[in-house]
J.: 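Input: one structure, supplied below.
All chains are named by letter (A, B, ...) in the order of the sequence lines, taking the proteins before the strands, and each is independently numbered beginning at 1.
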Amino acid sequence: MPELPEVETIRRGLNKLSSQTVLKDFTKVSPYCFHDSENLLANSLNGSEPLTLSQFVRQGKYLIAEIKQCEQIAFLIIFHLRMTGKLIVTDTVIDWPKHTHFYFTLEDKARATHYLYFNDIRRFGGAVVLTKEQIKAYSSLTKLAFDAYTYKLAYTSSPLKESDALACFQNNLVKHPKTPIKSLLLDQTVIAGLGNIYADELLFINQIHPLSLVSYLSFEQISKLFYSIKPLLTQAIGHHGTTFSDYVDSLGHKGTFQLELKVYKRSKQACSICQTEICKIKIAGRSSHFCPKCQAYYGPKLN
DNA sequence: GGGGATACCTGAACGC
DNA sequence: TGCGTTCAGGTATCCC
């Protein structure tokens, strides 16, 4: 399932497309997953000036394509892959894979006609077309916290300083004194980009039980947790993300970071440190994997 | 207002 | 073999 490292891997792949790539056409294969309430894309495609695919930027798990016309940003396409969404570039089309919902026809000087298609088995993901003005009021993005990898907030050009990001992280955490730390790491208004896999791994690295409460953690523990996020994400990006079932990058290749995971999807296997059996519990409806010996619980006595 | 539960959705895995 | 059930999880929404 695409979290920050997987979306970043896809973004880097898509940005290898030329910034002069012309968006020639758009086709909806299904009625799902694509929302353009003002027909910005269709109307622009009918215009006399070509549309170019400028670049892809990322905020948390959102991927944003900047579409230019006459050197100006005409509109943006905001993608979210949720659980099983895929954005894949292909040169040839014989039959679109099952669950393909829409595709863009692209062209550039160095490459003949090629395609960027969106496929999503569960139809949780999708894309929405917005103008530069509309995106500033797009609540899904405006409410996001700073990005866990770049420390950038949406619509800002420069990232937060690391010390400011840490202060922001701590402030966002302490607003929820009664919520398990695992749930807070998944909360995109606390820190943007983490999902179930990397939240479990981070808590294992920091030896914190997922049910622990922030109010019982020291500043040193929160700092250590914060400073372990970027190295983990960097490592995962280096492995092109984690693939358990559906995730592939923009060329259809799987990631390999699943081979490095210490606890996620390893329940009933031995902990790599103490050999105790990894446990799995449900927290806020999500499976959480942890070592009951290595990861200490900080909070009121559990029933 | 905070926090938990649920809906959305399909395919894989599992049990009978 | 075939059918029904459960599980997977990011986000929006509902409810207590």
J.: Which part of the nucleic acid does Lys280(A) contact within heavy-atom distance under 4.0 Å: base, sugar-phosphate only, or nothing?
T.: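 Since only primed, P, OP1 and OP2 atoms lie under 4.0 Å of Lys280(A), the category is sugar-phosphate.
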J.: May I ask you to verify if any side-chain N or O of Lys182(A) is less than 4.0 angstrom from the OP1 or OP2 atom of dG3(B)?
T.: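 Result: no.
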J.: Which atom pairs link the protein and nucleotides 10-13 of chain B when you take only N or O atoms and keep those under 3.5 Å?
T.:
residue: dT10(B); atom: OP1; partner: Arg123(A); partner atom: NH1; Å: 2.7
residue: dT10(B); atom: O2; partner: Arg122(A); partner atom: NE; Å: 3.4
residue: dG11(B); atom: OP1; partner: Lys98(A); partner atom: NZ; Å: 3.4
residue: dG11(B); atom: OP1; partner: His99(A); partner atom: NE2; Å: 2.6

J.: Taking only residues at least two apart or on different chains, which pairs with a member in residues 225-238 of chain A satisfy side chain to side chain donor-acceptor pair (under 3.5 Å)?
T.: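 The answer is Asn206(A)-Ser228(A).
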J.: Which whole-number value in Å describes the distance from Ile281(A) CD1 to dC7(C) P?
T.: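 Distance check: Ile281(A) CD1 to dC7(C) P gives 15 Å.
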J.: Step by step, would you call Glu66(A) with Gln55(A) a side-chain hydrogen bond (donor to acceptor under 3.5 Å, both in side chains)?
T.: CA-CA 6 Å; Glu66(A) 295 179 353; Gln55(A) 66 164 342; 3.2 Å; yes
J.: Any chance the rings of Phe226(A) and Phe219(A) have centres within less than 6.0 Å?
T.: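 Between Phe219(A) and Phe226(A), which both carry aromatic rings, the centre distance is not below 6.0 Å.
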J.: Salt bridge or not for Lys182(A) and Asp200(A), using N-O below 4.0 Å?
T.: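 Here Lys182(A) pairs with Asp200(A) in a salt bridge, since their nearest N and O are under 4.0 Å apart.
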J.: Do Leu202(A) and Val263(A) land in one hydrophobic cluster if side-chain heavy atoms of ILVMFWY residues count as linked below 4.5 Å?
T.: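 No; tracing contacts between hydrophobic side chains, which count when under 4.5 Å, never links both residues.
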J.: Can you tell me how far P of dG2(B) sits from CG of Asn172(A), to the nearest Å?
T.: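 For the pair Asn172(A) CG and dG2(B) P, the rounded distance is 12 Å.
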J.: Please report the distance, rounded to the nearest Å, between CG in Asp187(A) and C1' in dG3(B).
T.: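 Those two atoms, CG and C1', are 10 Å apart.
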J.: Between Lys224(A) and Glu220(A), does any side-chain N to carboxylate O distance fall below 4.0 Å?
T.: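 Looking at Lys224(A) and Glu220(A), the cut-off is not met.
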J.: Report the residues that fulfil side-chain contact (heavy atoms from CB on, under 4.5 Å) with Thr21(A), sequence neighbours left out, ordered by chain and then residue number.
T.: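 Leu17(A), Ser18(A), Leu53(A), Leu106(A), Asp108(A), His114(A).
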J.: Of all residues at least two apart in sequence or in a different chain, which pass the ring-ring contact (aromatic ring centres under 6.0 Å, His included) check with His240(A)?
T.: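 Once residues adjacent in sequence are excluded, His240(A) has no partner under the ring-ring contact (aromatic ring centres under 6.0 Å, His included) criterion.
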J.: Please determine if a side-chain N or O atom of Tyr264(A) lies less than 4.0 Å away from the OP1 or OP2 oxygen of dG9(C).
T.: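 Checking dG9(C) against Tyr264(A), a side-chain N or O does come within under 4.0 Å of OP1 or OP2.
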J.: Report the distance from atom CD1 of Ile283(A) to atom P of dG9(C), rounded to the nearest whole Å.
T.: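 Going from Ile283(A) (CD1) to dG9(C) (P), I get 12 Å.
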J.: For Lys175(A) and dG1(B), give me the distance from atom NZ to atom C1', rounded to whole Å.
T.: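 Lys175(A) atom NZ is separated from dG1(B) atom C1' by 13 Å.
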J.: Is the phosphate of dG9(C), meaning OP1 or OP2, less than 4.0 Å from a side-chain N or O of Ser287(A)?
T.: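 So the side chain of Ser287(A) is within the cut-off, an N or O lying under 4.0 Å from OP1 or OP2 of dG9(C).
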J.: Mind grabbing the angle between the end helix axes of the helix from dG2(B)-dC16(C) to dC16(B)-dG2(C)? Five pairs an end, 10° rounding.
T.: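 End-to-end axis angle for the helix from dG2(B)-dC16(C) to dC16(B)-dG2(C): 60°, rounded to 10°.
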J.: When you check every protein heavy atom under 4.0 Å of nucleotides 10-16 of chain C, what one-letter string (B, S, -) results, 5' to 3'?
T.: BBS----
J.: Answer yes or no: is there an ion pair linking Glu277(A) with Lys268(A), defined by an N-O contact shorter than 4.0 Å?
T.: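 Result for this pair is no, no salt bridge flagged.
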J.: Given Tyr117(A), which partner from the list Phe79(A), Phe104(A), Phe26(A), Trp96(A) fulfils the ring pair (Phe, Tyr, Trp, His ring centres under 6.0 Å) test?
T.: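 Answer to the ring pair (Phe, Tyr, Trp, His ring centres under 6.0 Å) test with Tyr117(A) among Phe79(A), Phe104(A), Phe26(A), Trp96(A): Trp96(A).
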J.: I want to confirm an ordering. Mapping Thr179(A) and Gly285(A) to their closest nucleotides on DNA chain B, which one lands closer to the 5' end?
T.: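 The residue whose closest nucleotide sits nearer the 5' end is Thr179(A).
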J.: Could you go step by step and tell me if Glu71(A) and Lys68(A) meet the salt bridge (charged side-chain N to carboxylate O under 4.0 Å, His left out) rule?
T.: CA-CA 6 Å; Glu71(A) 300 299 315; Lys68(A) 284 187 174 175; 5.3 Å; no
